[in-house]
Amino acid sequence: MTRNVRVQYFGILREQRGCGEESRETGAASPLDLYRELAGEHGFSLDPENLRVAVNDEFRDWDSILAEGDKVVFIPPVAGG
Amino acid sequence: MTRNVRVQYFGILREQRGCGEESRETGAASPLDLYRELAGEHGFSLDPENLRVAVNDEFRDWDSILAEGDKVVFIPPVAGG
Amino acid sequence: MNRFTLSEKPLFAETLLAEAATPRAGAYVTFEGWVRDHNEGREVLSLEYEAYEALAVKEGNAILCEALDRFEVLSAQCAHRLGRLEVGNVAVIVAVTAEHRDAAFDACRYIIDEVKARVPIWKKEYYTDGESEWVNCPRCAAHAHRHHNHAHDHAHPRTAR
Amino acid sequence: MNRFTLSEKPLFAETLLAEAATPRAGAYVTFEGWVRDHNEGREVLSLEYEAYEALAVKEGNAILCEALDRFEVLSAQCAHRLGRLEVGNVAVIVAVTAEHRDAAFDACRYIIDEVKARVPIWKKEYYTDGESEWVNCPRCAAHAHRHHNHAHDHAHPRTAR
């Protein structure tokens, strides 16, 4: 089973991906699976344990279940302030 | 032996004395003696242990020796800020 | 009262002051983060802040609510700058009112610590040698992670005080 | 840089900001004391500050020097208002810059605590019921006394944090 998700990138991930956003048909069931798939493809340097993940603008567990149309954002270590 | 001193009053002491400053010929050797003399005369309500004393714009010990022409200020509990 | 805002334009503390004033307040504590001319031994020329805006505002407001909840404060606000900043520019302002200063200091400190650790904002520093780098603080990353895994443990490891 | 000032005119934080700004600073912490509409359960209408000016400036500057000495700060300033103030007016402002926020918060807190405890300034409160009273804080008086007797013990008993 696959689903369409929208992925947004910020900071160092946006630079490594070369774009701020993409839509994607994926077989990944969880954000963790999705990140591994994308990291393999684009060579992201960050390990998931240094990231957090948000789905539809809420923080979410890495092993939660993705649904059709979800907006997924991987969050590199923050540096505000 | 007596000496001339100038005494300045602030806050509640100024109100109890009814003036901000006076010159005085006194036999008091120390600020503590001087305060006791003045308190007896003017009915100051504050005990010396709730006051500090300054001589010539410096904090001074209560049992230091007063000199001719000294400016003495008794300092009620402060309340800045 | 609480409000977390993001702004592309310069920040001024006076803006927050207007919202903070109330006759009940006896203490007003503000923290401003300024762009320093150096960081980790490198000479900084300018920097750029980028935010995941929807979540940043949500998380920022959550932090302000926590502060109102935990400390005896009357108002708590935070404004964070986005975009390109030069040395000396204001990156962030936290403003807190309270009846007494204990709570105002503690809440202001809590807010800036949590904002730095949890709000999805990123910083790229541009150095005088022409290089640039995305900055991240491993301690903050560790904290954010812990916060995520244990939603009820908000304690933040402070540096030596 | 340090400077303690007394003023008969309204205080504005911007005035201190101008002196504080430096490219090395990453953190700017300010404390403002405002006239509250109540104190110890009584409704306050206005108040009056009176200072022993020569010694107040001397002691205020001594406190700022201590702060520069004890904490890693770049500047420390304090301005205190004198004369008649209404509810909402600014009674005192402390402003501190540092490279990092730990030192800025700690120094700002130290300065306001010490100013309240040691600087010869007195406050008379005027209440809505027509009465008035010279205010004094027994805790501060005890602290000032201890400070006087043991010149090397600057520790200040803080209220519950």
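To find a chain, count down the sequence lines: A is the first, B the second, and so on, and within it residues start at 1. Hydrogens, waters and symmetry mates play no part in the numbers below; they use all other heavy atoms, side chains included.
The shortest non-hydrogen separation linking C:Ala27 to D:Phe31 is CB-CE1, 3.7 Å. Nearest approach of C:Trp34 to D:Ala21, heavy atoms of both residues: CZ3-CA, 3.7 Å. Pairing each heavy atom of C:Arg24 with each of D:Asp37, the nearest pair is CA-OD1, 3.8 Å.
Contact of D:Glu14 with chain C is made through the side chain alone, with heavy-atom distances under 4.5 Å. Only the side chain of D:Thr97 comes within contact range of chain C, with at least one heavy atom under 4.5 Å from a heavy atom of that chain. Of the atoms belonging to C:Val35, it is backbone heavy atoms, and not side-chain ones, that fall under 4.5 Å from chain D.
The CZ atom of D:Arg36 sits 4.5 Å away from atom NE2 of C:His100, with the distance rounded to the nearest 0.5 Å. Note that CZ of C:Phe105 and CG of D:Asp106 are 9.5 Å apart. Values are rounded to the nearest 0.5 Å. To the nearest 0.5 Å, atom CG of residue C:Asp113 and atom CZ of residue D:Arg101 are 4.5 Å apart.
Counting heavy-atom pairs under 4.5 Å between each of D:Ala13, D:Gly33, D:Ala25, D:Gly88 and chain C puts D:Ala25 at the top.
Surrounding CD of D:Glu43 are at most 12 heavy atoms belonging to other residues, nucleotides or ligands under 6.0 Å away. Enclosure of atom CD in C:Glu19 by more than 12 non-hydrogen atoms of other residues, nucleotides or ligands within 6.0 angstrom is indicated. Other residues, nucleotides and ligands contribute only 12 or fewer heavy atoms inside 6.0 Å of the CD atom of C:Glu72.
Under 4.0 Å is where a charged nitrogen must lie from a carboxylate oxygen, and between C:Arg109 and D:Asp102 at least one such pair does.
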